[in-house]
Amino acid sequence: MKRNPLAHVRGMNDLLPDETFHWQKIESVARDVFHRAGYREIRLPLVEEAALFIRSIGEVTDIVEKEMYLFDDRNGDRLALRPEATAGCVRAVIEHHLGREGVQRLWYTGPMFRHERPQKGRQRQFHQIGVEVFGISTPDLEAELLLLTDELWTALGLTGLTLEINTLGTTDERSHYREVLLDYFTPHRGELEPDDARRLDRNPLRLLDSKSERTRALLEGAPRLIDSLGPDSRAHWERVLELVTATGVSFRVNPTLVRGLDYYTQTVFEWTSPALGAQSAVCSGGRYDNLVEHLGGSPLPAVGWALGIERLAALVPAHRPKGPDAVVIPVGARAEAVCLALLRDLHRLLPGRQIESSLGAGSLKARLKQADRTGARRAVIVGEDELMRGVVQVKTLVGERRTDFVPRAELVEYLVGAAGRADSSVEDRR
RNA sequence: GUGGACGUAGCUCAGCUGGUUAGAGUCCCGGAUUGUGGAUCCGGUUGUCGUGGGUUCAAAUCCCACCGUCCACCCCA
């Protein structure tokens with residue numbers, strides 16, 4: 001078959017209501033953690049000039065070379081769906097001169113787009129939550145950002161993640177090391193697997209985290225990145241280690257950790273989980289002191305990280321939504337108008353409560369069954385009998401079976417009292 | 001982009017080496033209870049067997065192609 005032209009685009013998935021609840025939970029926890037730490041939200045466009053990403057992420061990266069969604073605007077501009085948000089964030093900081101207003105602690109969330117082959121934990125439209133801080137060059141910022149991630153995991157009830165950190169030094173130090181590494185590996189070029197030979201040509205640093213046995217063996221005798229660092233970078237790195245240690249966040253130094261994006265300098269880090277399969281990185285980032293200047297702004301140091309919401313959502317224990325406090329069920333046509341008025345009043349007078357309606361066709365039995373399945377605490381039933389008596393029937397669905405007939409005017413009062421009376425014990429049982 | 005596995009009810013899957021009307025569980029709907037939930041029992045609906053072509057008296061089953069999904073490589077959140 002030709003593919004169904006009306007089906008979803010490959011790698012761009014629907015998030016159904018069962019999942020959105022889980023996501024909302026994650027997002028609200030993150031929002032709260034950020035707010036408490038003084039981070040403010042920035043909302044950025046999904047589309048930017050393609051050149052912005054090419055210049056920031058790097059020309060010889062996979063993201064730029066083969067993964068970007070590119071298109072020409074009607075006026076001929078070369079645009080791209082953002083593959084990540086740091087570039088756009090830096091652009092916004094430069095464009096609005098945010099650097100002049102002192103330190104900026106920013107966070108963002110939203111979809112990113114990369115044309116990759118989908119697999120577990122990897123889709124073409126994926127979602128990130130990220131943080132960028134501008135204006136602090138000292139290593140205490142790295143510690144703060146790592147602490148922030150750790151606080152987030154705690155707030156989400158997430159355990160079992162491991163943190164690895166490394167330093168890449170300044171741009172100059174790194175390109176020096178690149179040459180050193182190139183000199184070391186070039187005589188062994190013939191021994192490398194095709195993928196690694198390609199890395200040698202394109203981005204020798206990527207050899208450091210090669211999975212190939214052969215390459216790993218060669219790496220044993222290779223010059224180390226740390227030896228290419230000057231005194232300033234070393235001091236910065238030592239201080240990062242000291243401060244992160246002091247925060248109590250446990251980590252491992254991984255000298256082979258190199259990030260794929262060109263703009264990183266000094267500290268880089270990555271949180272991973274063994275539960276995610278091949279795409280194990282949950283959250284990663286690092287310092288990028290040159291990027292603002294590189295993109296045309298006045299020099300401004302920065303550190304940031306981003307986490308993949310899909311990957312995080314796969315790890316965070318699922319929160320089941322709790323059922324509604326009450327479901328209002330009309331029986332018969334005459335009761336429908338009364339129930340709608342009842343809903344309106346309940347929503348207005350009990351703003352904290354979740355009160356749903358049970359409308360449409362279907363027997364009372366089926367609706368009670370449905371209400372029970374959603375975990376509703378009470379059913380408020382209005383039928384002919386109740387209409388004649390001016391009451392509503394309130395049936396407790398959780399815990400003890402109990403049915404009360406309540407004068408319509410006293411329903412709000414009853415529900416307020418019922419919450420104190422029954423819900424706490426009910427809560428425990430669920 | 002490369003490799004492998006897999007596409008059968010809304011969902012999870014069975015259907016062996018081709019053989020009559022394609023099954024189970026679940027979900028949904030109804031009944032046992034003329035307007036009263038969770039358990040049980042009874043009944044019912046649900047399918048272009050991914051698509052197209054080929055082999056055959058006969059294809060969900062075998063062959064080919066395409067589409068899609070998943071997993072891994074690559075890359076990365």
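Note on naming: letters A, B, ... go to the chains in the order of the sequence lines (proteins, then strands), and numbering restarts at 1 for each one. Values reported hereafter were calculated over all heavy atoms of this structure, with side chains retained and with hydrogens, waters and symmetry mates removed.
- For A:R408, the CZ atom counts as densely surrounded, since its 6.0 Å shell holds more than 12 non-hydrogen atoms of other residues, nucleotides or ligands.
- A 3.5 Å limit on both hydrogen-bonding distances identifies B:G54 as the Watson-Crick or G-U partner of B:C62.
- Nearer the 5' end of RNA chain B, as judged by each residue's closest nucleotide, is the contact made by A:K395, out of A:R124 and A:K395.
- Spacing of C1' atoms, B:A32 relative to B:A39, comes out at 14 Å, to the nearest Å.
- Using atom C1' as the reference point in both B:C49 and B:C62, the two lie 15 Å apart (nearest Å).
- Base-pair partner of B:U2: B:A72 (Watson-Crick or G-U wobble, both distances under 3.5 Å).
- Ring orientation note: the planes of A:W305 and A:W153 are tilted relative to one another, at an angle of 30° to 60°.
- In this structure, A:A379 reaches neither bases nor backbone, as no heavy-atom distance under 4.0 Å exists between it and the strands shown.
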* To do: Would you sort out whether A:R202 and A:D62 count as a salt bridge (Lys or Arg N to Asp or Glu O under 4.0 Å), showing the intermediate values?
  => CA-CA 10 Å; A:R202 291 162 44 90; A:D62 280 17; 3.1 Å; yes

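- More than 12 heavy atoms of other residues, nucleotides or ligands lie within 6.0 Å of NE2 in A:H188, so this atom counts as buried by the packing criterion.
- You'll find that the side chain of A:R114 is closest to B:A77, out of B:A77, B:A32, B:G35.
- Spacing of P atoms, B:U48 relative to B:U8, comes out at 11 Å, to the nearest Å.
- The structure places CG of A:L192 at 6.5 Å from CG of A:L218, a figure rounded to the nearest 0.5 Å.
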Please list, pair by pair, any protein nitrogen or oxygen found under 3.5 Å from a nitrogen or oxygen in nucleotides 40-43 of chain B.
none

Can you check nucleotides 70-74 of chain B for protein contacts, nitrogen or oxygen pairs under 3.5 Å, and list what you find?
unit_1, atom_1, unit_2, atom_2, d
B:C71, OP2, A:K120, N, 2.4
B:A72, OP1, A:A278, N, 3.0
B:A72, OP2, A:Q119, NE2, 3.0
B:C73, OP1, A:K211, NZ, 2.9
B:C73, N4, A:R122, NH2, 3.2
B:C74, OP2, A:K211, NZ, 3.2
B:C74, N3, A:R122, NH1, 2.8
B:C74, N4, A:Q119, OE1, 3.3
B:C74, N4, A:R122, NH1, 2.7
B:C74, N4, A:Q279, NE2, 3.1

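- Atom CZ of A:R82 and atom P of B:A77 are 14 Å apart (whole Å).
- Across the strands present, B:U48 finds no partner; the criterion is a Watson-Crick or G-U wobble pair with both atom distances under 3.5 angstrom.
- Here B:C76 presents its C1' atom at 12 Å from CD of A:Q123, a figure rounded to the nearest Å.
- Put simply, CG on A:L44 and CZ on A:R82 are 6.5 Å apart, with the number rounded to the nearest 0.5 Å.
- In this structure, A:M388 places its CE atom 15 Å from P of B:G35, rounding to the nearest Å.
- Atom CG in A:L145 sits roughly 16 Å away from atom P in B:A77 (whole-Å rounding).
- Among the atoms of the strands shown, none is found under 4.0 Å from any heavy atom of A:R367.
- For the pair A:R124 and A:F113, the cation-pi criterion (under 6.0 Å, within 45° of the ring axis) is not fulfilled.
- The nucleotide B:U21 finds no pairing partner, because no Watson-Crick or G-U wobble arrangement with both distances shorter than 3.5 Å includes it.
- Nucleotide B:C76 holds its C1' atom 11 Å from the CD1 atom of A:I57, rounded to whole Å.
- When the C1' atom is used for both B:G44 and B:C57, the distance is 37 Å, rounded to whole Å.
- Residue A:I329 is classed as having no contact, given no heavy-atom separation below 4.0 Å to the nucleic acid.
- Atom OH in A:Y108 sits 12.0 Å away from atom CD in A:E41 (nearest 0.5 Å).
- Of the C1' atoms belonging to B:A58 and B:G18, the separation is 8 Å, rounded to the nearest Å.
- Across the protein-nucleic acid pair, A:L163 atom CG and B:A77 atom P stand 15 Å apart, rounded to whole Å.
- You'll find that the side chain of A:R259 is closest to B:C76, out of B:G35, B:C76, B:U36.
- The residue A:E84 sits apart from the nucleic acid: no heavy atom pair falls under 4.0 Å.
- Put simply, A:H115 has no side-chain N or O that comes within less than 4.0 Å of OP1 or OP2 on B:C76.
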* Checking salt bridge (Lys or Arg N to Asp or Glu O under 4.0 Å) for the pair A:E386/A:R334: CA distance, chi angles, key distance, verdict? -> CA-CA 11 Å; A:E386 288 83 359; A:R334 284 200 336 124; over 6 Å; no

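- Using atom C1' as the reference point in both B:G47 and B:C42, the two lie 25 Å apart (nearest Å).
- Rounding to whole angstrom units, CG of residue A:L208 and P of B:C75 are separated by 13 Å.
- Across all strands, A:T61 comes closer than 4.0 Å to no nucleic acid atom at all (heavy-atom distances).
- For the P atoms, the distance linking B:U45 with B:A59 amounts to 27 Å, nearest Å.
- Between A:H236 and A:R287 the shortest side-chain heavy-atom distance falls below 4.5 Å.
- For the pair A:K66 and A:H115, the minimum side-chain heavy-atom distance is 4.5 Å or more.
- Heavy atoms of A:A371 sit nowhere under 4.0 angstrom from any nucleic acid atom.
- Closest-nucleotide positions on RNA chain B for A:G11 and A:Q370 were compared, and the one nearer the 5' end corresponds to A:Q370.
- On the P atoms, B:G10 is 28 Å away from B:G54, given to the nearest whole Å.
- Among residues two or more places apart in sequence or in another chain, the side-chain hydrogen bond (donor to acceptor under 3.5 Å, both in side chains) test is passed with A:Y288 by A:E132.
- We find that CD of A:E65 is positioned 15 Å from P of B:G1, with the value rounded to whole Å.
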